[in-house]
Amino acid sequence: MNFRLGVPVGTLCIAVALFGCQSSSTRSGEEAAAPAAALQAPYSQVYYDSLQTVMQAYYQLSDALVKADSAAANVAAASLKQHMDSLPVSSLQMDSSHLNIITGTTGSISAELAGFEGEKDLEGKRSSFQMVSDMLFDLVKNTGLKGKTLYHQYCPMAFDDKGAYWLSEKPEILNPYFGDKMLHCGETKDTLSYQ
């Protein structure tokens, strides 16, 4: 006996991918949702106030990419670059080798944001956003984010299944790499909660 499915192969592939993404999101999201003990954020309040302004600009950039709004993404990236450039890294009381790493990271984020607007399509902007997200996560892990919780989220399907991370201030998944095509595809990999 031969049976034929009346579902186009492309539709079936998308359904399988969405099911896989959603089921892993539920599993891992529950495991990663509860943060461990609060981490320390030992530096000056001036630095943390400035870093919080950086993070708000980053979240605006992420929201613009979720909405696939290229013009709003350019404005948010420019704002994020401006705030990153004015981050008072010199106020951090740490050894010079550690401070050099932080300074290098902030400079690399700023350089990536400088090229963001030149990316012609959303895919290029999202690729740039991925690099900024990874570096910004490293920065926060090294300095802390006083009084805040940060969710490190992951989409396994981004960039032809290579996967990509982003940061969020909320546990809800709003995927900046696919927007409304797969808005809730992803999972929380880490939750960092700072005192």
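Numbers for residues simply follow the sequence, beginning at 1.
For Thr105, the side-chain contact (heavy atoms from CB on, under 4.5 Å) partners are Ile101, Ile109, Met135, Leu139, not counting sequence neighbours. In this structure Gln130 satisfies the side-chain contact (heavy atoms from CB on, under 4.5 Å) test together with Asp134, Phe159, Ala164, Tyr177, sequence neighbours excluded. Under the side-chain contact (heavy atoms from CB on, under 4.5 Å) criterion, Ala78 pairs with no residue, sequence neighbours left out. Remark: Asp95 pairs with Ser97 by the side-chain hydrogen bond (donor to acceptor under 3.5 Å, both in side chains) rule, at least two apart or across chains. By the side-chain hydrogen bond (donor to acceptor under 3.5 Å, both in side chains) test, Glu172 is found to be paired with no residue, residues two or more places apart in sequence or in another chain being considered. For Gln52, there are no side-chain hydrogen bond (donor to acceptor under 3.5 Å, both in side chains) partners, not counting sequence neighbours. A search for side-chain hydrogen bond (donor to acceptor under 3.5 Å, both in side chains) contacts involving Asp180 returns nothing, not counting sequence neighbours. Annotation: side-chain contact (heavy atoms from CB on, under 4.5 Å) contacts of Lys141 (sequence neighbours excluded): Phe137, Leu192.
Hydrophobic clustering (side-chain heavy atoms under 4.5 Å, transitive across Ile, Leu, Val, Met, Phe, Trp, Tyr) keeps Val75 apart from Val132.
Checked by atom type and distance alone, the side chain of Ser50 never pairs as donor or acceptor with a backbone atom of Tyr47 at under 3.5 Å. Using a distance-only test at 3.5 Å, with no hydrogens or angles considered, a donor-acceptor pair links the side chain of Ser108 to the main chain of Gly104.
The closest side-chain heavy-atom distance from Gln153 to Trp166 is below 4.5 Å. Annotation: side chain of Met55 is in contact with side chain of Leu150 (closest heavy-atom distance under 4.5 Å). The shortest side-chain heavy-atom distance between Leu136 and Met84 falls under the 4.5 Å cut-off. Residues Met131 and Ser127 meet the side-chain proximity criterion, which asks for heavy atoms closer than 4.5 Å.
Among all heavy-atom pairs drawn from Thr188 and Asp190, the shortest one is CG2-O, 3.5 Å. A pairwise comparison of heavy atoms in Thr149 and Ser193 identifies OG1-OG, 3.2 Å as the closest pair. Heavy atoms only, all atoms of each residue included: Arg126 and Gly179 are closest at NH2-N, 4.0 Å. Summarising the geometry of Val140 relative to Tyr194, their closest heavy-atom pair is O-OH, 3.4 Å, with the distance given to 0.1 Å. Contact record, Ser44 with Ser91: OG-OG, 3.6 Å, taken as the closest heavy-atom pair. Closest heavy-atom contact between Cys185 and Met157: SG-SD, 3.9 Å.
Cluster note: Tyr165 groups with Tyr154 through ILVMFWY side-chain heavy atoms spaced under 4.5 Å, whether in direct contact or through intervening members. The other members of the hydrophobic cluster of Val66, by chain and number, are Leu174, Leu183 (side-chain heavy atoms under 4.5 Å, ILVMFWY only).
Inspection of the Asn175 and Lys181 side chains reveals no N or O donor paired with an N or O acceptor under 3.5 Å.
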What pairs of donor and acceptor atoms, side-chain ones from residues 110-119 against any protein atom, are under 3.5 angstrom apart with sequence neighbours left out?
from, atom 1, to, atom 2, distance (Å)
Ser110, OG, Lys81, NZ, 3.2
Ser110, OG, Asp85, OD1, 2.5
Glu112, OE2, Ser128, OG, 2.7

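The NZ atom of Lys67 lies 10.5 Å from the OG atom of Ser62; values are rounded to the nearest 0.5 Å. Rounding to the nearest 0.5 angstrom, the gap separating the CG atom in Asn142 from the CD1 atom in Ile102 is 4.0 Å. Atom NZ of Lys146 sits about 12.5 Å away from atom CG of Leu51, to the nearest 0.5 Å. Annotation: the span from Asn100 atom CG to Ser96 atom OG amounts to 6.0 Å, rounded to 0.5 Å. The distance from atom CG of Leu87 to atom OH of Tyr48, rounded to the nearest 0.5 Å, is 10.5 Å.
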Review point. Given the rule in the side-chain contact (heavy atoms from CB on, under 4.5 Å) test, do Asn74 and Lys125 qualify, once you have shown the distances and angles that lead to the verdict?
Key: CA-CA 9 Å; Asn74 286 342; Lys125 291 181 188 307; 2.7 Å; yes
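Counting only residues at least two apart or on different chains, the ring-ring contact (aromatic ring centres under 6.0 Å, His included) pairs with a member in residues 57-96 are Tyr58-Phe129.
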